[in-house]
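Residue numbering restarts at 1 for every chain, and letters A, B, ... go by the order of the sequence lines.
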2 protein chains.
Amino acid sequence: MKDVAARAGVGLKTVSRVVNGEAGVSSDTERRVQEAITSLGFRRNDSARVLRKGTTASIGLVLEDLADPFYSPLSRAVEEVARAHGALLINGSSAEDPEREQELALALCARRVDGLVIVPASDDHRYLEPEIAAGVATVFVDRPPGRIAADLVLSENFEGARAGVAHLIAHGHRRIGFIGDRPGIHTAEERLRGYRTAMDQAGLPVADSWVAPGSTDSERVRADAARMLDGADGTEPVTAFFSGNNRVTVTLVRVLAAPERRDRPVALVGFDDFELADLLSPPVTVVAQDPADLGRSAAELLFRRLDGADDEPRTVSRPTTLIARGSGEIPPHER
Amino acid sequence: MKDVAARAGVGLKTVSRVVNGEAGVSSDTERRVQEAITSLGFRRNDSARVLRKGTTASIGLVLEDLADPFYSPLSRAVEEVARAHGALLINGSSAEDPEREQELALALCARRVDGLVIVPASDDHRYLEPEIAAGVATVFVDRPPGRIAADLVLSENFEGARAGVAHLIAHGHRRIGFIGDRPGIHTAEERLRGYRTAMDQAGLPVADSWVAPGSTDSERVRADAARMLDGADGTEPVTAFFSGNNRVTVTLVRVLAAPERRDRPVALVGFDDFELADLLSPPVTVVAQDPADLGRSAAELLFRRLDGADDEPRTVSRPTTLIARGSGEIPPHER
DNA sequence: CTGAAAGCGCTTACAG
DNA sequence: CTGAAAGCGCTTACAG
């Protein structure tokens, strides 16, 4: 900038005015400065600008996995809102590891992002208290924060799961297996609670062996599914599954499509919609969330804070939709 | 930092040493500084650090769409390599718009990212010349840069497409439709060239109406597919499709699965693998690329430059794999 | 082992 | 319409 000023024969401030499109520069001076800028290949250094202004026009997003088909539209939606507000998006994957979440979130704060959207992997976010006090706007999405209060966008996990399981019950199922995500993950617990409530409201008992929370690793899911289908532990085999998420559903579809399982069709309702679900045979009935909508809502809450809103933290709840396609309407087949 | 120094009764430089874990601080002093840091809730301001050091430990990634299932694993792979090198990832979607690509890339340069990975939407990257001259390492992936030389990672688009079409020919097809991405996109052109070469090598003529490059919009693809299937323009209907990418393949699967099309099965080979392709009926034969591998390779080339390599720009070529699953092995059905 | 001074490249507040 | 000085929060180069 100094070089530009020297070359154009003007002061630093005048260059700054031209670069930022401020008023109060004669058109002649402006032309000289522009010329100097292009011939020197000058580009404003935003780091210096940030240091002086205190605002970075960038926001951070921490989620589980950028490549997960549930999270990637969420991320894209956050990006679009950020773009509309002139901000860039820095994002990172926590890989469901609380330490990595913290490391990422704090690294983003050290870069002085204006705000943070977090899909938490951790259940204790007190580490963010100094950052929030220092003015970093923070919004949680998909799962609530732990031990701090903050804006939050959530799907109706409990109600969605309850409705999905009630749908299976309405189609005659009495022995329904639940394969979900790890306990400790809020969505997993809410969906499990929805399952138990639906069973309870229908007066159906739940055998311990029908409930299998755990990792979404396909080997784990296959093992638990096989156990429930073959009626281990002396209980009767399940005639239907309710799947706690996207990743689990895909594995269950594979399990149920295996040739040796085809003679006894098993019903399936999955939480989360996914591409091509309608083209599988049978097409998969799901409780759909709208990940882009979750991302958009969270980003809008964030920019509301950045625009100065300082009322109490609010929680936004987004409904789910049961989409009946076939797999959830299969009647119970006994062996 | 000044406050911390005052509180601990030490100089600024000593605080800097503690914050950066440099040697040469007595353990007693270090403890006092650490205490001051935690009680003040101090966190180093990386913007200031960047300004002084000239390096940001962040890299930028510009691609078409963060939510596209082809690009999201690529993005995640870049993130992992960046993380291994202690860098954060800032990314943005160009939405296949050259202006938006330029705007994003230059915004990232203004933030002084150390390097840039770009999936180009534009065919002229001379706008990056001043940035590259100023030291921003730049690597292109999936498509080559326009009018500048730079490191590049590419799939074997031509050879993959040629092999995919040859596979259909080997299964008896003589009238094969090609539905691809827009002309001007390098991958689209290479794959079309592969199609033409395979047809040519087999001595098969190509009717104009069998070649339909264009947007991946599903309405466009449906219309072109219907035209080829119904044999408009006085030509015979095609008995097989070669699809130029992921998005097109998914639409074609839907077209071919329609009840009114089922009596005359049409073969399909798609470029790009996708989740659940093996569970569709028929399972979809694809020419698979490895997007995570592309991302990883590009990021590794980038960090190689950042570590000081200044040899000639290099091009890395990654092979594709033909995965025969069923849809590509359907024999020709005449009406 | 420790610290004072200068400077990274901008913007702010002010004066002319 | 224009510019000189101070300062944002760090690190570098140097001295003790």
Atom pair distance, as rounded to whole Å: [atom1] in [X] and [atom2] in [N]:
X: B/D3; N: D/dC8; atom1: CG; atom2: C1'; answer: 14 Å
X: B/F42; N: D/dC8; atom1: CZ; atom2: P; answer: 14 Å
X: A/R31; N: D/dC1; atom1: CZ; atom2: C1'; answer: 16 Å
X: B/N45; N: D/dC8; atom1: CG; atom2: C1'; answer: 9 Å
X: B/L51; N: D/dC8; atom1: CG; atom2: C1'; answer: 9 Å
X: A/E22; N: C/dT11; atom1: CD; atom2: P; answer: 8 Å
X: B/R17; N: D/dT11; atom1: CZ; atom2: P; answer: 11 Å

Output yes when at least one side-chain N/O atom of [X] is less than 4.0 Å from OP1 or OP2 of [N], else no.
X: B/N20; N: D/dT11; result: yes
X: B/T29; N: C/dC1; result: no
X: A/S16; N: C/dC10; result: no
X: B/K2; N: D/dG9; result: no
X: B/S26; N: C/dC1; result: no

If pairing requires Watson-Crick or G-U wobble contacts with both distances under 3.5 Å, which nucleotide is the partner of C/dC1?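 Pairing partner, where one exists within any strand: D/dG16.
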Which part of the nucleic acid, if any, lies within reach of [X] when heavy atoms closer than 4.0 Å are counted: base, sugar-phosphate only, or nothing?
X: B/R44; value: sugar-phosphate
X: A/K53; value: sugar-phosphate
X: A/D46; value: nothing

Pair A/E103 + B/R83, salt bridge at N-O below 4.0 Å: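 B/R83 and A/E103: salt-bridged.
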Between A/D28 and A/R32, does at least one N-O distance fall below 4.0 Å, as a salt bridge requires?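 Between A/R32 and A/D28 there is a salt bridge, with a charged N closer than 4.0 Å to a carboxylate O.
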Between A/R49 and B/G24, which is nearer to the 5' end of DNA chain C once each is assigned its nearest nucleotide?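 First, find each residue's nearest nucleotide; the 5'-ward one identifies B/G24.
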Taking A/E64 for the side chain and A/S94 for the main chain, is one N or O donor matched with an acceptor at less than 3.5 Å?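 No, A/E64 side chain to A/S94 backbone: no donor-acceptor pair under 3.5 Å.
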Can you find a donor-acceptor N/O pair under 3.5 angstrom joining the side chain of A/R52 to the base of D/dG9?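 Absent.
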Kindly indicate whether the side chain of A/R112 and the base of D/dG9 share any N or O donor-acceptor pair separated by less than 3.5 Å?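 Result: no qualifying N/O pair found.
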Are B/S39 and B/R7 close enough that a side-chain donor and a side-chain acceptor fall under 3.5 Å?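 The criterion, which ignores hydrogens and geometry beyond distance, is satisfied for B/R7 and B/S39.
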Could you pick out which residue, B/M1 or A/G11, lies toward the 5' side of DNA chain D when each is mapped onto its nearest nucleotide?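 So the residue in question is A/G11.
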Side chain of [X], heavy atoms from C-beta onward: which of [options] has the nearest atom to it?
X: A/V10; options: D/dG3, C/dC10, D/dC10; answer: D/dG3
X: A/T14; options: C/dT11, D/dG3, D/dG9; answer: D/dG3
X: A/K13; options: D/dG3, C/dT2, C/dT11; answer: D/dG3
X: A/L12; options: D/dT11, C/dT11, D/dG9; answer: C/dT11

Determine the interplanar angle of the A/F303 and A/H85 rings, folded into 0 to 90°, and report it as parallel if under 30°, tilted if 30 to 60°, perpendicular if over 60°.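 Ring orientation, 0 to 90° scale: parallel.
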Among B/R43, B/R44, B/R49, find the residue that satisfies the side chain to side chain donor-acceptor pair (under 3.5 Å) test when tested with B/D46.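 So, applying the side chain to side chain donor-acceptor pair (under 3.5 Å) to B/D46 and each of B/R43, B/R44, B/R49, only B/R44 qualifies.
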